[in-house]
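Below is one structure; the comments refer to it alone.
Note on naming: letters A, B, ... go to the chains in the order of the sequence lines (proteins, then strands), and numbering restarts at 1 for each one.
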There are 2 protein chains.
Amino acid sequence: MDAIDLRLVELLRGNARLSYAELARQVGLSAPAVHERVGKLESSGVIRAYRAEAEPEAIGLGVTALIGIVEDSGGDTDDMLEAFRRMPEIESCYFMAGVESFLLKARVGTIAQLEELIMRLNRTPGVASTRTGIALSTKWENRPQPLELPSA
Amino acid sequence: MDAIDLRLVELLRGNARLSYAELARQVGLSAPAVHERVGKLESSGVIRAYRAEAEPEAIGLGVTALIGIVEDSGGDTDDMLEAFRRMPEIESCYFMAGVESFLLKARVGTIAQLEELIMRLNRTPGVASTRTGIALSTKWENRPQPLELPSA
DNA sequence: ACAGTCCGTGGACGCCATCGACCTGAGGCT
DNA sequence: AGCCTCAGGTCGATGGCGTCCACGGACTGT
């Protein structure tokens, strides 16, 4: 993981569809060299996935909610995680410090679907209570930030 | 935006580096037809970007925080947004219903950098108070969910 | 000095992206 | 009905790209 690797990650975070030839031009190496570096970044887990980002409203996911979960004193955290994982609406799941053990970001099509999701969450073993905040609008999301070497 | 477009978006949300040839095989069209459809999805804004997703720890962004912002009664929301936009650590910004007008997701390298960011936020005009939650771990993030036509 | 290893380059070859020409079906107009 | 037009597809050609391979230079440890 040197400066060139970091630059490659930065470029691909900005545009995952850049060709190896273009990446090679940007970092001053040959295409095969870049190909090998990116392959290693993928198999070592530094690069986890390449995803297209879609306008949520356009694909029927116009309702965004952030849901804090308070855990039962006797709850099994792993079981809860497994239950959350089986709910496809939950796009992100953070394990938090504080009273609320989890913070979930969910996207659904309608408020009715959100209501149904919250009821399912409240019924999930280990969940003591939920607190839901609705996002009126998403100003931006997953904006990539400039990267620098930890040493710098 | 028909069923084939939706399928293309779904495929690209799963893997943004799929070739047009591969997409064409998956949806049963020719590569040029897929090329044109994807181009239209991009220029109409349905597909906003293609991003590589990297392991945050590996790129020096090991600290994740979710920050709620309470707005001053006299605050200018647009000015605040502009100020947040200039802080690269803020990866996502939601305008929320509730007491806290904004919810921000920030990623930094160290707790010291987080402290510095929170101080900058508290100094920002329009910000009455902040409430920061630290993510101890990110279980998953931006998991794409299966899509279906709104009518269905 | 030597061999081994790592990491790069250059060349070759087949697949892919992309352009242009043509085809087909649906809808509206005369 | 017959025709025009347009949207959206297929097909074929071509140039660039991805990817494999053999080779070479710099560092390291012995």
Side-chain angles (χ1 to χ4, degrees), chain A residues 1-61 142 144 146-152, chain B residues 1-61 142 144 146-152:
Chain A
M1 191 72 191
D2 60 5
I4 293 182
D5 282 341
L6 201 70
R7 192 77 228 291
L8 288 172
V9 172
E10 193 169 18
L11 288 165
L12 286 169
R13 296 220 310 162
N15 179 4
R17 301 214 78 180
L18 288 176
S19 68
Y20 291 116
E22 180 59 28
L23 291 169
R25 275 187 286 271
Q26 298 277 338
V27 302
L29 290 180
S30 66
V34 168
H35 186 254
E36 185 171 352
R37 276 174 177 265
V38 172
K40 283 179 185 170
L41 288 169
E42 290 168 0
S43 56
S44 71
V46 174
I47 294 179
R48 273 197 299 226
Y50 301 97
R51 304 207 175 286
E53 196 178 291
E55 182 77 21
E57 288 82 3
I59 55 173
L61 296 173
N142 300 121
L147 302 179
E148 36 191 66
L149 280 172
S151 60
Chain B
M1 192 69 192
D2 60 4
I4 292 182
D5 282 341
L6 200 70
R7 190 78 226 289
L8 289 172
V9 172
E10 191 168 18
L11 288 165
L12 287 168
R13 296 219 312 162
N15 180 4
R17 301 214 74 176
L18 288 176
S19 68
Y20 291 116
E22 179 59 27
L23 291 171
R25 274 187 286 272
Q26 299 277 336
V27 302
L29 290 180
S30 67
V34 168
H35 187 257
E36 184 172 350
R37 276 175 178 264
V38 172
K40 283 179 185 171
L41 288 169
E42 289 168 2
S43 57
S44 71
V46 174
I47 293 179
R48 274 198 300 228
Y50 301 97
R51 305 208 173 287
E53 196 179 292
E55 182 76 22
E57 288 81 3
I59 56 174
L61 296 174
N142 299 124
L147 302 180
E148 40 191 64
L149 280 174
S151 61

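For A/R13 (side chain) and B/R51 (main-chain N/O), no donor-acceptor pair under 3.5 Å exists by modelled atom type.
Remark: B/K40 is not in phosphate contact with D/dA7, judged by side-chain N or O atoms under 4.0 Å from OP1 or OP2. Distances shown here put every side-chain N or O of B/H35 at or beyond 4.0 Å from the OP1 or OP2 atom of C/dA17.
Residues B/L23 and B/L12 are in side-chain contact: their nearest non-hydrogen atoms beyond the backbone lie under 4.5 Å apart. For the pair B/R37 and B/K40, the minimum side-chain heavy-atom distance is 4.5 Å or more.
With C/dT9, C/dT18, D/dG9 as the choices, the nucleotide that has an atom nearest any side-chain atom of A/S30 turns out to be C/dT9. Of the candidate nucleotides C/dT9, D/dG8, D/dT10, D/dT10 has the atom nearest to the side chain of B/L29. For B/P32, whose side chain is taken as the heavy atoms from C-beta onward, the closest listed nucleotide among D/dG18, C/dG11, C/dC19 is C/dC19. The listed nucleotides are D/dC17, D/dT19, C/dT9; the one nearest the side chain of A/A33 is C/dT9.
Taking atom CZ of residue B/R37 and atom P of nucleotide D/dA7, one finds them 14 Å apart after rounding to whole Å. Note: CZ (A/R25) to C1' (D/dG18) measures 13 Å, nearest angstrom. Distance A/D5 CG to C/dC7 C1': 12 Å, rounded to the nearest Å. Atom pair A/E36:CD and D/dG18:C1' shows a separation of 14 Å (rounding to whole Å applied). Put simply, OH on B/Y20 is 18 Å from P on D/dG16, counting in whole angstrom units. The CD1 atom of B/I4 sits 7 Å away from the P atom of D/dG9 (whole-angstrom rounding).
Contacts of B/S19 with the nucleic acid, taken as non-hydrogen atoms under 4.0 Å apart, involve only primed sugar atoms and P, OP1 or OP2.
Residue whose closest nucleotide on DNA chain D sits further toward the 5' end, between B/R17 and B/D2: B/D2.
Nearest heavy atoms, B/L11 versus B/L18: O-CD1, 3.8 Å. Shortest non-hydrogen contact noted between A/V34 and A/A24 is CG2-CA, 3.6 Å.
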